[in-house]
Amino acid sequence: MSKSMKRVRQALAEAGIETEILELGTARTAREAADGVGCHVDQIAKSIIFAGVESGEALLFLTAGGNRVDDARASAVAGEPLAKADAALIRAQTGFAIGGVAPVGHLNPIRAWIDPRLLAFDRIWAAAGTPHHVFGLDPRDLPRISSAQPADFVQ
């Protein structure tokens, strides 16, 4: 088990979330993950990372798999202009590689927001620290365990 996935498993356990981590052939995209677990694409919680232009921090936007983040709305929610986060910033702040960023288990605290669309389901799925692993949970638990605030930031 990778160090990244161990951090996710530990964070989930500490939060009282009992779930199985599933290995998929690939889960690099929301569509691949949804096909792998047999759910609607919007039941996949995508972890989209931007770089705060003023703060220099990585910022996390958890969105439903079929939605796209609107840059202007996301900037308004974050309170600063946003830029594309590079792989080095993402790895340094979260400890995850692009394609496997989990909503929990980050190396450093991260400001986060959640797409309310995710809260419409009984169960959602998120990356478990690798591009090949996901875990399921009740979406009502995601804001609590990720410190994500509900916000309107999608197109």
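Being a predicted model, the structure only gives us computed values, none of them experimental.
Considering only heavy atoms from C-beta on, L107 comes within 4.5 Å of R7 through its side chain. Contact annotation: the side chain of I124 approaches that of L142 to within less than 4.5 Å [non-hydrogen atoms, C-beta and beyond]. Taking the side chain as every heavy atom from C-beta outward, V37 and L24 approach each other to under 4.5 Å. No side-chain heavy atom of R91 sits less than 4.5 Å from a side-chain heavy atom of V101. Here the side chains of T63 and F153 are in contact, with some heavy-atom distance below 4.5 Å.
Heavy atoms of other residues, nucleotides or ligands lying less than 6.0 angstrom from CZ of R68 number 12 at most. More than 12 non-hydrogen atoms from other residues, nucleotides or ligands lie less than 6.0 angstrom from CD of Q155.
Residue S4 comes nearest to G95 through the heavy atom pair OG-O, 3.4 Å, listed as atom of the first residue, atom of the second, then distance. The two residues G66 and D42 have their closest heavy-atom pair at N-OD1, 2.7 Å. Taking all atoms of both residues into account, the shortest heavy-atom contact from S146 to L62 is OG-CD1, 3.8 Å. Counting all heavy atoms, side chain and backbone alike, D115 lies closest to A64 at OD2-N, 3.2 Å. When all heavy atoms of I145 and A15 are compared, the closest pair comes out as CG2-CB, 3.4 Å. Nearest heavy atoms, H106 versus Q93: CB-O, 4.3 Å.
Residues V69 and I114 fall into different hydrophobic clusters, defined by Ile, Leu, Val, Met, Phe, Trp and Tyr side chains chained together at heavy-atom separations under 4.5 Å. Hydrophobic clustering (ILVMFWY, side-chain heavy atoms < 4.5 Å, transitive): I98 and I49 are in one cluster. Under a hydrophobic-cluster definition in which Ile, Leu, Val, Met, Phe, Trp and Tyr are linked whenever side-chain heavy atoms come within less than 4.5 Å, directly or via other members, V104 and V134 are assigned to different clusters.
Atom CD in E20 sits 12.5 Å away from atom CG in L12 (nearest 0.5 Å). The line from CD of Q10 to CE of M5 is 13.5 Å long, rounded to the nearest 0.5 Å. I44 CD1 to N67 CG: the interatomic distance, rounded to the nearest 0.5 Å, is 13.0 Å. Within the model, atoms CG of L60 and CD1 of I110 stand 5.0 Å from one another, a figure rounded to the nearest 0.5 Å. To the nearest 0.5 Å, the span separating CH2 on W125 from CD1 on I21 amounts to 11.0 Å. Note: R9 CZ to H133 NE2 = 9.0 Å, rounded to the nearest 0.5 Å.
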**OP:** Determine, stepwise, if the pair W113 / L59 fulfils side-chain contact (heavy atoms from CB on, under 4.5 Å).
**Re:** CA-CA 9 Å; W113 296 269; L59 305 171; 4.0 Å; yes

**OP:** For E32 and V41, run side-chain contact (heavy atoms from CB on, under 4.5 Å): C-alpha distance rounded to whole Å, both residues' side-chain angles, the deciding distance at 0.1 Å, then the answer.
**Re:** CA-CA 9 Å; E32 290 172 346; V41 70; over 6 Å; no

**OP:** Apply the test side-chain contact (heavy atoms from CB on, under 4.5 Å) to residues R144 and I17: give CA-CA distance (whole Å), side-chain angles for both, the deciding distance (0.1 Å), then the verdict.
**Re:** CA-CA 11 Å; R144 175 180 62 84; I17 304 294; 3.5 Å; yes

Which donor-acceptor pairs under 3.5 Å do side chains of residues 70-80 form with protein atoms, sequence neighbours excluded?
residue : atom : partner : partner atom : Å
D70     : OD1  : A72     : N            : 3.1
D70     : OD1  : R73     : N            : 2.8
R73     : NH1  : D152    : OD1          : 3.4
R73     : NH1  : V154    : O            : 2.6
S75     : OG   : D71     : O            : 3.1
S75     : OG   : L82     : N            : 3.4
E80     : OE1  : V53     : N            : 3.4
E80     : OE1  : E54     : N            : 2.9
E80     : OE1  : S55     : N            : 2.8
E80     : OE1  : S55     : OG           : 3.3
E80     : OE2  : S55     : OG           : 2.9
E80     : OE2  : R111    : NH2          : 2.8

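Under the 30°/60° scheme for interplanar angles, the aromatic rings of F50 and F61 are found to stand perpendicular.
Remark: side-chain polar atoms of N108 are paired, donor with acceptor, to backbone N or O of A92 under 3.5 angstrom.
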